[in-house]
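Presented below is the structure to which this report refers.
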Amino acid sequence: METPNEIIHQPIRLKIMAALNTLATGQWLEFVSLKSIVDTTDGNLGAHLSTLESAEYVLIKKDFAGKKPRTRVCLSPRGREAFAGYVAALHAILALETLGPDVSSTHATSNNNR
């Protein structure tokens with residue numbers, strides 16, 4: 001069974017990836033808006049974005065809106081693919097749970113007979 005992607009699995013990074021995945025391909029989200037969605041501090045969000053950027057899951061653009069600095073974030077194609085794989089891994093885990101008690105009792109019985 002495939003395990004969930006450890007980079008994405010951390011709760012703050014999962015929230016970041018989920019928020020960015022809702023955007024259209026190539027659409028950017030401002031840092032301030034993402035910070036509000038994720039509900040974390042500037043420093044914490046910045047650190048997690050650095051991790052995601054190092055994995056090439058997000059793109060970060062820094063520019064100016066007038067004289068005010070602006071940071072925007074976008075999910076990269078690699079990030080979109082990684083997030084889809086993460087969701088698929090979770091679905092696979094959940095599918096095992098829906099197999100019902102017969103699977104777990106069979107497993108427990110076979111372990112007890114050793």
Side-chain angles (χ1 to χ4, degrees):
M1 172 177 29
E2 186 179 339
T3 59
N5 180 316
E6 289 298 320
I7 294 171
I8 297 173
H9 196 63
Q10 196 284 335
I12 298 289
R13 290 193 292 265
L14 176 56
K15 289 179 187 179
I16 292 167
M17 295 293 287
L20 294 175
N21 192 62
T22 65
L23 303 175
T25 301
Q27 187 176 357
W28 296 82
L29 184 62
E30 290 202 26
F31 183 94
V32 174
S33 298
L34 184 57
K35 182 178 114 172
S36 175
I37 292 167
V38 174
D39 191 28
T40 191
T41 64
D42 288 358
N44 198 12
L45 179 56
H48 287 295
L49 286 174
S50 289
T51 299
L52 293 170
E53 184 179 38
S54 293
E56 299 179 357
Y57 290 173
V58 300
L59 305 170
I60 298 174
K61 183 188 298 186
K62 296 180 182 232
D63 58 10
F64 287 87
K67 293 184 178 184
K68 186 176 178 184
R70 175 176 64 177
T71 300
R72 295 181 288 165
V73 185
C74 177
L75 197 58
S76 72
R78 181 176 178 159
R80 198 168 292 278
E81 184 178 311
F83 187 74
Y86 179 84
V87 170
L90 292 181
H91 280 290
I93 291 167
L94 292 172
L96 290 175
E97 294 295 321
T98 60
L99 292 176
D102 292 341
V103 172
S104 57
S105 66
T106 302
H107 181 67
T109 304
S110 66
N111 286 339
N112 289 338
N113 291 333
R114 289 185 185 170

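Atom set for the values below is all heavy atoms of this structure, side chains included, hydrogens, waters and symmetry mates excluded.
- Applying the ring pair (Phe, Tyr, Trp, His ring centres under 6.0 Å) test to Phe83 and every residue at least two apart in sequence or in another chain returns nothing.
- For residues 19-40, the salt bridge (charged side-chain N to carboxylate O under 4.0 Å, His left out) pairs, not counting sequence neighbours, are Lys35-Asp42.
- Residue pairs meeting the ring pair (Phe, Tyr, Trp, His ring centres under 6.0 Å) criterion with at least one member in residues 9-39, sequence neighbours excluded, are His9-Tyr86.
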(request) Let me see the working for Leu34 and Leu49 under side-chain contact (heavy atoms from CB on, under 4.5 Å), right down to the final yes or no. (result) CA-CA 11 Å; Leu34 184 57; Leu49 286 174; 4.1 Å; yes
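- Pairs passing the salt bridge (charged side-chain N to carboxylate O under 4.0 Å, His left out) check and including a residue from residues 64-73, sequence neighbours excluded, read Asp63-Arg70, Asp63-Arg72.
- Hydrophobic clustering (ILVMFWY, side-chain heavy atoms < 4.5 Å, transitive): Leu23 and Leu52 are in one cluster.
- Applying the salt bridge (Lys or Arg N to Asp or Glu O under 4.0 Å) criterion to Arg80, with sequence neighbours excluded, gives no partner residue.
- A distance of 8.0 Å separates OG1 in Thr25 from CG in Leu75, rounded to the nearest 0.5 Å.
- With sequence neighbours excluded, the residues that form a side-chain hydrogen bond (donor to acceptor under 3.5 Å, both in side chains) with Thr40 are Asn44.
- Rounding to the nearest 0.5 Å gives a distance of 8.0 Å between CD1 of Ile12 and CG of Leu45.
- When hydrophobic clusters are built by joining Ile, Leu, Val, Met, Phe, Trp and Tyr residues whose side-chain heavy atoms come closer than 4.5 Å, directly or via intermediates, Met17 is grouped together with Leu90.
- The side chain to side chain contact (heavy atoms under 4.5 Å, CB included) test applied to Thr51 returns Ile7, Arg13, not counting sequence neighbours.
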(request) Any chance you could lay out the side-chain contact (heavy atoms from CB on, under 4.5 Å) test for Leu29 and Ile37, step after step, and finish with the verdict? (result) CA-CA 11 Å; Leu29 184 62; Ile37 292 167; 4.0 Å; yes
Using distance only, find each side-chain donor-acceptor pair of residues 53-61 under 3.5 Å and give its atom names and separation, not counting sequence neighbours.
residue	atom	partner	partner atom	Å
Ser54	OG	Ser50	O	3.0
Glu56	OE1	Arg78	NH1	3.1
Tyr57	OH	Asn5	ND2	2.9

